[in-house]
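Following: one structure in structure tokens, then a few remarks.
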There are 4 protein chains.
Amino acid sequence: MERGSTVAAVAGPERAARHHGNRHGRSEQARQAVLEAADDLLVEKGFTGVTIEGIAARAGVAKQTIYRWWKTKTDILLDAFLQDAAEALTPPDHGDLAPDLRAHLRQLALFLTRSDAGAVFRALIGYAQHDPAFAAVLRSGYLDEQRRRDSLPLERAVQRGQLPDGLDMAAEIDRLVGPIYHRVLVTAEPVGPAFTDGLVDDLLHRLTDGAKSEPE
Amino acid sequence: MERGSTVAAVAGPERAARHHGNRHGRSEQARQAVLEAADDLLVEKGFTGVTIEGIAARAGVAKQTIYRWWKTKTDILLDAFLQDAAEALTPPDHGDLAPDLRAHLRQLALFLTRSDAGAVFRALIGYAQHDPAFAAVLRSGYLDEQRRRDSLPLERAVQRGQLPDGLDMAAEIDRLVGPIYHRVLVTAEPVGPAFTDGLVDDLLHRLTDGAKSEPE
Amino acid sequence: MERGSTVAAVAGPERAARHHGNRHGRSEQARQAVLEAADDLLVEKGFTGVTIEGIAARAGVAKQTIYRWWKTKTDILLDAFLQDAAEALTPPDHGDLAPDLRAHLRQLALFLTRSDAGAVFRALIGYAQHDPAFAAVLRSGYLDEQRRRDSLPLERAVQRGQLPDGLDMAAEIDRLVGPIYHRVLVTAEPVGPAFTDGLVDDLLHRLTDGAKSEPE
Amino acid sequence: MERGSTVAAVAGPERAARHHGNRHGRSEQARQAVLEAADDLLVEKGFTGVTIEGIAARAGVAKQTIYRWWKTKTDILLDAFLQDAAEALTPPDHGDLAPDLRAHLRQLALFLTRSDAGAVFRALIGYAQHDPAFAAVLRSGYLDEQRRRDSLPLERAVQRGQLPDGLDMAAEIDRLVGPIYHRVLVTAEPVGPAFTDGLVDDLLHRLTDGAKSEPE
DNA sequence: GTATAACCGAGACGGTACGTCTAGTCTTACC
DNA sequence: GGTAAGACTAGACGTACCGTCTCGGTTATAC
């Protein structure tokens with residue numbers, strides 16, 4: 001994982017972009033072409049339509065170059081996803097719990113159901129069901145971090161005294177985002193603002209005894 | 001798909017089971033061998049290790065026989081799953097909402113995380129993320145029916161007057177089972193009785209203003 | 001080697017040609033297309049230009065079909081060679097040693113230097129220098145038999161009393177054909193009738209004390 | 001090919017051997033390492049096992065260094081062969097035709113069948129069947145010169161009056177060495193002293209009317 | 001004595017072909 | 001008509017080398 005893949009791909013922002021096949025660095029041009037080709041193929045032809053051969057052909061890159069830097073097509077998609085979406089789901093900070101959560105859940109629902117990055121993400125979650133090793137990579141590369149981001153509004157509210165201490169943070173987040181993921185991954189029902197706001201209302205009612213959401 | 005697959009496979013109980021390569025209908029022996037081989041391969045080698053060729057070889061069946069009755073390996077797995085697990089997740093009826101839900105969610109969590117059928121189901125849910133057509137088949141073949149079963153305790157409670165009329169049943173079920181699916185499909189955190197009971201408590205508190213769950 | 005390759009390919013003349021991908025026989029159509037494609041490619045592009053992929057593409061055949069029946073491209077070329085040239089080098093029988101040998105050596109020289117089959121043969125002899133296992137196959141599949149054919153005129157002459165008994169047949173054949181192969185494989189000098197007739201004259205002079213060849 | 005390869009490689013005896021990565025000459029150390037690596041690989045793994053990458057890795061040399069000085073792996077092998085074997089096959093001069101030829105042919109047979117250099121040579125002859133351009137290089141780089149050396153005993157005998165004037169020298173050499181090459185390249189039969197001495201006896205009998213070889 | 005430039009090891013690059021695997025189709029003989 | 005067997009076309013897999021290239025480092029002259 002030391003060579004630019006997955007997490008490192010995100011962590012190394014000022015990657016050496018001027019080299020071209022020498023001992024001091026990989027070709028950033030090839031890397032970008034691969035990630036974009038993988039993304040494009042997923043959106044156009046679906047997960048099954050993403051093949052290493054197809055990526056190589058579309059990116060104008062040799063297969064060996066792909067195998068040099070990535071192990072599987074899901075590693076490529078994860079890299080592409082991380083690059084596209086790493087910061088897309090950081091909840092805002094209005095200084096108030098309710099609007100923070102409502103905005104965050106709406107954004108999450110939109111991301112999962114409407115964006116290209118969301119399509120990649122759904123494909124990766126799906127593949128993770130077939131490959132425990134990849135599931136672990138996906139969690140350590142993205143999901144754990146996202147879970148941390150998801151909890152920020154609640155933690156800030158605890159610090160403000162808006163919420164009581166000693167919350168089971170993990171369980172609260174499951175109750176907030178679980179129903180959304182369920183609709184996205186299992187039932188394919190629409191996930192609109194009314195639904196996500198309702199989830200926030202439940203939490204506020206349960207933990208603060210009041211503060212109904214205002215209709216918009 | 002009209003001949004014995006998916007739903008029909010379950011609907012036709014007194015299938016001709018005594019023939020073997022003759023003019024009088026399909027061989028029930030071959031069908032069972034295929035379904036068992038698919039199941040076994042999934043548990044042993046994972047979803048990727050399930051191939052039509054592998055199933056045929058292990059079942060001692062010709063590939064053509066498989067293609068005659070099923071379109072894809074996921075159709076086979078769905079058939080196998082339906083046969084094993086169709087009735088496994090019908091919630092009990094104690095005449096009381098709280099124990100019904102608690103038992104049902106515990107059973108659901110166990111099914112998803114511990115059983116072989118649950119492993120098959122997770123694989124199918126995963127594949128559904130990659131193939132919208134199969135997602136539709138999976139929903140119409142199982143998920144819709146399961147969703148109906150999930151709602152039975154709530155509906156009975158409404159009839160009993162235990163719950164108010166006019167509930168958004170779909171949203172309530174999402175809040176009950178969504179967090180469970182989330183943990184199973186996304187975070188891989190354990191899903192114990194405390195967690196599922198907590199989900200029931202939330203619902204009771206929200207809809208009936210009281211009735212905390214007793215620790216066991 | 002039981003499945004139609006090399007020797008068997010020649011031995012089985014009335015091969016079942018009416019089947020098409022079933023348990024009872026391979027596709028004769030595919031087999032012929034492969035052999036012809038290999039031959040054509042060798043003549044057009046040389047030995048290096050003969051690739052399994054290229055043969056498959058030109059023959060309109062799947063690579064797997066090739067690998068099912070042949071191990072290497074040289075096996076294919078040997079099959080093609082045997083089919084083309086098996087009977088091309090049987091010496092004639094005029095009832096007299098001198099004309100038999102003269103005709104045979106002239107024919108051998110023409111075959112080696114002018115024919116397409118000769119080009120294939122030179123390529124196979126060349127490859128045999130790189131692969132002892134293939135060298136053994138080539139010898140047992142063709143060279144041993146050819147050596148037997150080469151000796152026929154001498155054996156007939158011994159039977160007729162034209163030549164003394166107790167000849168070192170192998171050594172005599174080496175002296176007849178060795179210089180021809182040497183020119184073909186090593187020096188690339190032309191091998192005309194004067195040269196081959198001279199070889200016959202040497203033998204006659206050495207073994208029969210007379211009978212100079214008449215110029216033609 | 002102008003820089004140090006093939007013929008020049010032999011012609012340039014006082015090659016600058018003391019430099020290592022400067023503007024005034026190639027590294028003799030690298031050159032030797034490459035030639036030895038190629039030789040070793042051929043003996044260990046056969047012609048197919050000799051690759052530029054493999055040579056570079058074993059020699060501890062960069063691929064570019066190889067490509068700077070040689071065009072193909074066969075050029076390297078030819079260089080290695082010339083260095084090892086250039087003077088190995090000069091016939092002796094006893095002042096008498098018969099012993100000169102007998103010693104020379106025995107030595108040739110041993111060289112071709114027993115020595116490492118002979119193995120390289122057979123591989124090169126084999127490859128020459130696949131590549132006419134290389135065949136030309138091989139002939140001009142070695143075979144023509146060797147043919148000249150082969151004829152020395154005969155030429156000396158003509159000068160001495162031991163043999164008549166006006167011999168077809170090329171044809172005589174073919175009759176001497178052709179059977180040997182035939183056994184080595186085609187039939188893989190053993191080439192012992194009895195066989196090579198017999199070839200000499202034939203020539204003496206044919207050209208001098210007598211002078212049987214004495215058994216040794 | 002320093003600058004220059006030909007050589008060096010290293011290794012990434014775009015390619016081609018390899019030999020394997022599975023998909024999905026087809027044909028046959030048997031029952 | 002259904003079945004086991006298995007050959008067929010098609011195409012992706014992951015690997016090995018090819019020949020080209022760019023890089024940073026080394027070193028013997030030429031300035």
Side-chain angles (χ1 to χ4, degrees), chain A residues 16 18-27 29-30 48 50-57 59-69 71-73, chain B residues 16 19-27 29-30 48 50-54 56 59-69 71-73, chain C residues 3 16 18-27 29-30 48 50-54 56 59-69 71-73, chain D residues 16 18-27 29-30 48 50-57 59-69 71-73:
Chain A
R18 63 209 173 280
H19 305 304
H20 219 333
N22 59 26
R23 78 202 286 189
H24 301 287
R26 67 196 279 192
S27 161
Q29 188 177 318
T48 307
V50 179
T51 64
I52 303 271
E53 299 239 311
I55 294 170
V61 141
K63 277 166 66 181
Q64 186 53 47
T65 297
I66 296 182
Y67 284 108
R68 186 153 33 231
W69 302 111
K71 277 207 164 93
T72 63
K73 70 173 180 175
Chain B
H19 307 301
H20 177 75
N22 62 19
R23 70 200 301 186
H24 302 290
R26 75 190 280 192
S27 158
Q29 187 177 321
T48 308
V50 180
T51 65
I52 301 271
E53 302 239 310
V61 143
K63 276 167 66 180
Q64 184 54 39
T65 299
I66 295 181
Y67 282 110
R68 188 154 23 235
W69 302 110
K71 275 204 166 102
T72 63
K73 71 172 180 176
Chain C
R3 293 197 292 183
R18 62 207 176 285
H19 306 302
H20 218 334
N22 59 25
R23 78 201 286 192
H24 301 286
R26 66 195 279 193
S27 162
Q29 187 177 320
T48 307
V50 180
T51 64
I52 302 271
E53 300 237 312
V61 141
K63 277 167 66 182
Q64 184 54 43
T65 298
I66 296 182
Y67 284 108
R68 183 151 36 230
W69 302 111
K71 277 207 164 91
T72 63
K73 71 173 180 174
Chain D
R18 61 207 176 283
H19 307 303
H20 178 76
N22 60 26
R23 74 197 289 188
H24 299 287
R26 68 193 282 192
S27 159
Q29 186 178 320
T48 308
V50 180
T51 65
I52 301 272
E53 300 239 312
I55 294 170
V61 143
K63 276 166 68 180
Q64 184 54 40
T65 299
I66 295 181
Y67 283 108
R68 189 158 22 234
W69 302 110
K71 276 204 167 105
T72 63
K73 72 172 181 177

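Just so it is clear: chains get the letters A, B, ... in the order the sequence lines come, proteins before strands, and each one is counted from 1.
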Revision key, fill the gap. For C:Ala62 and C:Ala56 the tightest heavy-atom approach is C-CB, 4.4 Å
Check your understanding: F:dC18, F:dT9, E:dC13: which one has an atom nearest the side-chain heavy atoms of A:Arg26?
Key -> E:dC13
Practice item. Assign D:Gly54 to base, sugar-phosphate, or nothing according to its heavy-atom contacts below 4.0 angstrom with the strands shown. Key: nothing
Revision key, fill the gap. Assert: residue with more 5' nearest nucleotide on DNA chain F, out of B:Thr65 and A:Tyr67, is B:Thr65
Practice item. Give a yes/no answer on whether the side chain of D:Arg68 brings an N or O atom under 4.0 Å of OP1 or OP2 in E:dC7. Key: no
**Study point:** Contact nearer the 5' end of DNA chain E, comparing C:Val50 with C:Gln64
**Key:** C:Val50
**Study point:** For atom CD1 of D:Ile52 and atom P of E:dG15, their distance in whole Å
**Key:** 21 Å
Practice item. State the OG1-NZ distance between C:Thr51 and C:Lys63, to the nearest 0.5 angstrom. Key: 9.0 Å
Check your understanding: Can you tell me how far P of F:dT15 sits from CD1 of A:Ile66, to the nearest Å?
Key -> 13 Å
Practice item. Name the closest nucleotide to the A:Glu53 side chain, picking from F:dA7, E:dC13, F:dA12. Key: F:dA12
Practice item. Report yes if at least one side-chain N or O of B:Trp69 is closer than 4.0 Å to OP1 or OP2 of F:dG1; otherwise report no. Key: no
Point to revise | Which atom of C:Ile52 lies closest to which atom of C:Ile66, heavy atoms considered | key: O-CD1, 3.9 Å
**Study point:** Proximal nucleotide (of E:dC18, F:dT20, F:dA16) relative to the D:Lys63 side chain
**Key:** F:dT20
Review point. Between D:Gln29 (CD) and F:dT26 (C1'), how many Å, whole number?
Key: 13 Å
Point to revise | Whole-Å gap separating P (F:dC13) and NZ (A:Lys71) | key: 17 Å
Practice item. Between A:Ala62 and B:Lys73, just flag the one whose closest nucleotide in DNA chain E comes earlier from the 5' side. Key: A:Ala62
Check your understanding: Toward the 5' end of DNA chain F, which comes first, B:Gly60 or C:Val61, by nearest nucleotide?
Key -> B:Gly60
